[in-house]
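Reading through the structure tokens given below for one structure.
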Amino acid sequence: MRPLSQDDIAPTPWPVTTGMNILVVGVGGQGVLMISKALALMAQRRGFAVKQSEVHGMAKRGGIVFSHVRFAEQVWSPTITRGEADMLVALEWAEALRWLDHLRPGRGVFIADTRQIVPPFACRSRKRGAPSGYARETPAEIVGRHADGCALDATGIATALGDSRAANTVLLGRLSAWLDYPVAEWHDVIAAIVPKGTREINRKAFDAGRGWTPPAPDADPDLVAAVPDALPDRHVGVAIEAAWCKGCGICVKLCPERCLAMDGPKAIVATPSACTGCRVCEWLCPDFAVTVRNEGVPA
Amino acid sequence: MLDVAPATPFDPKDYLRLQYMPHFMCPGCGHGIALRALLAAVHDCGIAKDDLAVVCGIGCSGRVGGYIDANTFHTTHGRPLAFATGLKLARPDLTVVVVTGDGDCLAIGGNHLIHAARRNLDLTCLMLNNEVYGMTGGQASPTTAATRLTSTTQSGAIEPTFDACALAAAAGAGFVGREVTRQAPALKTLIARALRHKGFSFVEVMSDCTEVYGRKNDLGEAPEMILSQKADMRPEQHNDAPNQPFRPNALPTGVFVERDLPEYGARLRAHAAMIRGDTAR
Ligand SMILES: Cc1ncc(C[n+]2csc(CCOP(=O)(O)OP(=O)(O)O)c2C)c(N)n1
Ligand code: SF4
Ligand SMILES: [Mg+2]
């Protein structure tokens, strides 16, 4: 997997003068509404008209839970249509993918928790580690390619701070890096909406999210380890048939994960463990010399 | 023909004449990528190898058919569409695919293209456009972009080029589309749609001739050439890259025409039946 680089996530704060559409999604019981409330309150305090609408349900595992927050000088429709969201905040990885098409093409910002909550209907077998129908796309395949933004283990960060339930606030903190409002105002807003006893942990979670930096490129065992762990069912692998390879180098240069390398006149698999099974090399080998095994991505 | 892809995974080796592999094309040649996409599309459509006929012209593109384990015909330069027309009329039960090159299809075979499109016989024509006569050593073709160096344009091409898709559409083709080899999965989907379309389907594949065109024009090695096709996942990033005569960034891809027009084979058979009926009376 290609590690996220600084370029992928460095936010350019958005001078919010014309308003914004923010879509917050999750699986329920995660605090989608808390994020929406904080955004709505912030926008209100800044003098915007705000409309917020949601489909919610506690622990509606496998269902969809979302909240639309729109603020501007004047807001008419309460919902955000496909391709109109300036920001997508996802509290669960597959939900992030599900709603990707709602982001504004080209300049929408994507902020997602990489944590996976595998819904029951995605499980095809009850055996431990059996293949599931859960989304195969990895953060490296999405961030910086389909959308700008970042994918972080918000749940992990919140757990380390002492309460996994603050993952939503970690994401809110991350989101705040794109909005040009002072930190003190954010702290105020959070204090106004969270239960008194959780103010401290939420403030810490917010700061952790806001200050989050991606693991340094190349040396990010955490991130690299995080995803394969969560995907016990990816039976992927890449092989090259030397007799058919003419050494054109297409697979070596186009593999997004840099799994392949030239060995003299032929391509070889240099880091098989990095293969995500995306099949780019297989599709683009003019000589039928590359074979990718991935039960999740059809050939 | 299946409407949805079969459950069995696609393995190109099921569709190749393995005794001729590896194929003869140069390292990095885009024609191999197009061949794979074609086989994957055939698999998606569930076409049995015995029900598939691939008719090729002459050129590197013309050699593509010989590697396919189906009914294949290597015909004369520029005339695969004419051969395919005869074949499809005699055997309407076959899925007939023509694989041709930009020189084969637009220069010597230009007339056959416009008339095949006009008749709208149920054929799928795959034109592998590498903007050059690859097989004969790199002469300019009707799609060689201005300023490009070839062995017949030693100081740069000056002729305007054909837009093959516009040509096929204007001539009456029922289905017209274009894709770059860089987007091989999209190319497969496009070819599958063309195969399913009833009528004349024209698909232009933007392919790289790495050896006699890429080298002569200093377009880099195979990876650089395919990367410069620019049709990446983030169009906003390549639209503002400087426009180059080779594969202008604005090159449209996708399906341009998809329309139900009377199919020539059905028309001809109905007409023949009518005449036979008349004479019997
Ligand atoms: C009647 C006739 N004229 C000329 C030739 C020589 N010839 C062979 S291949 C070719 C050009 C092929 O170019 P293209 O169709 O673009 O295919 P490519 O090799 O680029 O794939 C020519 C002119 C021939 N074989 N027959
Ligand atoms: S000459 Fe060009 S078109 Fe022909 S096989 Fe070589 S690279 Fe491909
Ligand atoms: Mg050619």
Side-chain angles (χ1 to χ4, degrees), chain A residues 7-8 83 100 103-108 110 137 140-148 235 239-256 258 260-262 265-267 277-299, chain B residues 4-16 18 21-37 39-40 43-44 60 64 67 180-188 207-211 214 220-227 229 232-237 239-240:
Chain A
D7 288 349
D8 288 329
L100 204 50
L103 265 187
R104 236 181 248 292
R107 61 184 187 85
F110 173 87
E137 288 86 345
E141 281 168 52
I142 304 297
V143 179
R145 298 193 192 177
H146 290 286
D148 274 324
H235 303 296
I240 294 178
E241 185 153 339
W244 288 13
C245 173
K246 295 184 188 137
C248 69
I250 289 179
C251 59
V252 173
K253 286 266 174 64
L254 274 83
C255 168
R258 301 272 184 273
L260 312 166
M262 290 308 290
K266 306 261 183 190
C278 73
R279 296 192 189 277
V280 164
C281 52
E282 193 181 56
W283 277 108
L284 296 184
C285 173
D287 294 293
F288 300 88
V290 188
T291 311
V292 171
R293 198 163 42 80
N294 184 349
E295 284 157 25
V297 181
Chain B
V4 287
T8 46
F10 166 63
D11 182 354
K13 294 196 172 80
D14 294 342
Y15 294 88
L16 288 169
L18 297 173
M21 293 297 286
H23 56 55
F24 93 112
M25 276 163 274
C26 307
C29 176
H31 291 0
I33 303 174
L35 170 58
R36 187 195 172 90
L39 299 180
H43 178 82
D44 261 22
C60 301
V64 161
Y67 298 101
V180 293
T181 51
R182 170 82 173 81
Q183 297 287 45
L187 174 60
K188 178 210 73 175
S207 179
D208 290 326
C209 170
T210 46
E211 280 306 309
E221 300 288 321
E224 284 76 51
M225 283 188 78
I226 198 164
L227 281 168
Q229 291 180 354
D232 215 329
M233 285 189 213
R234 305 176 76 196
E236 75 280 6
Q237 284 211 333
N239 277 341
D240 47 23

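Note on naming: letters A, B, ... go to the chains in the order of the sequence lines (proteins, then strands), and numbering restarts at 1 for each one. Reckoned from all heavy atoms, side chains included, excluding hydrogens, waters and symmetry mates. Values in this document were obtained by computation on a predicted structure and should not be read as measured data.
Once rounded to the nearest 0.5 Å, the distance linking NZ of A:Lys246 with CE of B:Met25 reads 6.5 Å. Going from atom CH2 of A:Trp283 over to atom CD of B:Gln183 covers 11.5 Å, rounded to the nearest 0.5 Å. With values rounded to the nearest 0.5 angstrom, A:Asp287 atom CG is found 7.0 Å from B:Met21 atom CE.
Remark: the backbone N or O of A:Phe288 is not paired with any side-chain donor or acceptor of B:His23 at under 3.5 angstrom.
Of the two parts of A:Leu284, the backbone and the side chain both hold a non-hydrogen atom closer than 4.5 Å to a non-hydrogen atom of chain B. Heavy atoms closer than 4.5 Å to chain B are found nowhere in A:Ala289, neither backbone nor side chain. Proximity to chain A is limited to the side chain of B:Leu39, based on heavy atoms less than 4.5 angstrom apart.
Among B:Ala34, B:Pro185, B:Ala5, the residue making the largest number of heavy-atom pairs under 4.5 Å with chain A is B:Pro185. When the candidates B:Thr210, B:Ile33, B:Leu187 are compared by the number of heavy-atom contacts under 4.5 Å with chain A, B:Ile33 comes out ahead.
Summarising the geometry of B:Cys29 relative to A:Pro286, their closest heavy-atom pair is O-CB, 3.2 Å, with the distance given to 0.1 Å. The two residues B:Ala222 and A:Cys248 come nearest to each other via the heavy atoms CB-O, 3.9 Å. Across all non-hydrogen atoms, the minimal contact from B:Pro22 to A:Ala243 is CG-O, 3.7 Å.
Between B:Ile226 and A:Lys253 the shortest side-chain heavy-atom distance does not fall below 4.5 Å.
Residues forming a side chain to side chain donor-acceptor pair (under 3.5 Å) with B:His43 (at least two apart in sequence, or on another chain): B:Tyr15.
Residue B:Glu221 places its CD atom among 12 or fewer non-hydrogen atoms of other residues, nucleotides or ligands, all under 6.0 Å distant.
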